[in-house]
Amino acid sequence: MPEMPEVEILARHLRPLLRGKTIRSVTVRRERVLRPTPPRLFEKTLAGAMFKNLTRRGKYLLFELQPKNAKGTLRVLGHLGMTGRMFAAKKNETLPTHAAVVFDLGDRNFIYEDVRYFGRMTLDLSAIERLGPEPSEVSPETFAQSLKHSRQAIKVKLLDQSLIAGVGNIYASEALYRARLSPKLPANRLTAEQAKKLLRAIREVLRDAIKFGSTIPVKTTSGKSGALFYFDDAEGSFYERRLRVYDRVGKPCRNCGGKIERITQAARSTYFCPRCQRGR
DNA sequence: CACCATGTTCCTTG
DNA sequence: CCAAGGAACATGGT
């Protein structure tokens, strides 16, 4: 479920919900998601700690806690992988099949579940050090300059989190379509003007996704307990309306009426309009 | 059975 | 040392 907008929306949702809550105990049900933190250490470190804040960096969540018997701040890094979700649920509810970590908060459980277990919940924060700047904070000049050293296709480059952090497979296609740039363009062939245009498109696409909800056609679980909450409009058409090219292979381009194509780049699908997005 | 899926990391090759 | 490509991770949907 994650690209940066989903993670941002999730952080905003969870922040007031977790703040001030003390963890009574932690149950690790799938050790893989803690990697490389040892399970016993994770459980022991967090039992008795209190949530102080929750922030986002790229597609990562950063939980800040007050340790039980010490000063300072304890930090836990979260990532949703492809299929991760986090939510609070009543304690009498059945745990999801793929619940990976369960925090007992007293009145409720805070659950991290992940069908494919690609995500993480860990004491190892090293991943965020490798992230590039947030798209909202990087200057057009710096962004343009960072593209200069790569001959990789721009679409592939946008997925590189050390370039800018937060853009995933859906929004990479969406941003390039919005900027009218071919996904096949070698990164180092973008002019300063094109790079500037692309950065603007990235910002707009991400901003709109946060504003309107998002993206992934997750069936909302709003009917059930305290889970999420994508601003999905029951019709299922919301997703259709917001995404301009992603997953629209063969359908008419909303700009020129031509057919949207799907190609494979770095083993991932890219969607684009060959008429509107010229170049190579 | 086949292929596809919102992501990252590790390994190999050049 | 770096850039780039591909496999691996694991489960489910169509």
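In what follows, chains are A, B, ... by sequence order, proteins preceding strands, each numbered from 1.
Here the nucleotide nearest the side chain of A:R32, chosen from B:dC4, C:dC9, B:dT8, is C:dC9. With B:dA5, B:dT9, B:dT8 as the candidates, the nucleotide lying closest to the side chain of A:R130 is B:dT9. If you check B:dA5, C:dG12, B:dG7 against the side chain of A:H79, the one that comes closest is B:dG7. Closest approach to the A:M82 side chain among B:dT8, B:dG7, B:dT9 is made by B:dG7 (side chain taken as heavy atoms from C-beta onward). Of the listed nucleotides (B:dA5, B:dG7, B:dT9), B:dA5 has the atom at the smallest distance from the side chain of A:Y271. Comparing C:dA4, B:dA5, C:dA10 by their closest approach to the side chain of A:S150 singles out C:dA4. Considering only side-chain atoms of A:S269, the nucleotide from B:dT8, C:dT11, B:dC4 that sits closest is B:dC4. Comparing atom distances between the A:Q152 side chain and each of C:dG5, B:dC4, C:dT11 picks out C:dG5 as nearest. Closest to the A:Y246 side chain, of the nucleotides B:dG7, B:dT9, B:dA5, is B:dA5. Closest approach to the A:P2 side chain among B:dT8, B:dG7, C:dG12 is made by B:dG7 (side chain taken as heavy atoms from C-beta onward).
Using a 4.0 Å heavy-atom distance criterion, A:R35 is classed as making no nucleic acid contact.
Defined by atom type and a distance below 3.5 Å, a donor-acceptor pair is missing between the side-chain atoms of A:S150 and A:N188. Checked by atom type, the side-chain pair A:N109/A:K90 shows no donor-acceptor distance below 3.5 Å.
Residue A:H98 places at least one side-chain N or O closer than 4.0 Å to OP1 or OP2 of C:dG12. In terms of phosphate contacts, A:K59 brings a side-chain nitrogen or oxygen within less than 4.0 Å of OP1 or OP2 of B:dT8. Within the structure, every side-chain polar atom (N or O) of A:T83 is placed at least 4.0 Å from both OP1 and OP2 of B:dA5. Residue A:R30 has a polar side-chain atom (N or O) positioned under 4.0 Å from OP1 or OP2 of C:dT11. Contact check, A:R151 against C:dA3: no side-chain N or O comes under 4.0 Å of OP1 or OP2.
In summary, A:E204 and A:R178 engage in a salt bridge, as defined by a charged side-chain N under 4.0 Å from a carboxylate O. Salt-bridge annotation for A:E134 and A:R56: present, with a side-chain N of the basic residue lying under 4.0 Å from a carboxylate O of the acidic one. The pair A:K157-A:D160 counts as a salt bridge, with a side-chain nitrogen and a carboxylate oxygen less than 4.0 angstrom apart. Between A:R120 and A:D124, at least one side-chain N (NZ, or NE/NH1/NH2) sits under 4.0 Å from a carboxylate O, which counts as a salt bridge.
The 5' end of DNA chain C is approached more closely, in terms of each residue's nearest nucleotide, by A:H149 than by the other of A:H149 and A:V115.
Taking only distance into account, the side chain of A:R116 meets the base of B:dA5 through a donor-acceptor pair shorter than 3.5 Å.
Remark: ring of A:F118 stacked against base of B:dG7; centroid gap under 5.5 Å, plane tilt under 30°.
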Checklist entry - Which dot-bracket notation, 5' to 3', represents the base pairing of DNA chain B when pairs are defined as Watson-Crick or G-U with both distances under 3.5 Å, crossing pairs as [ ], and inter-strand pairs as |? => result .||||.||||||||
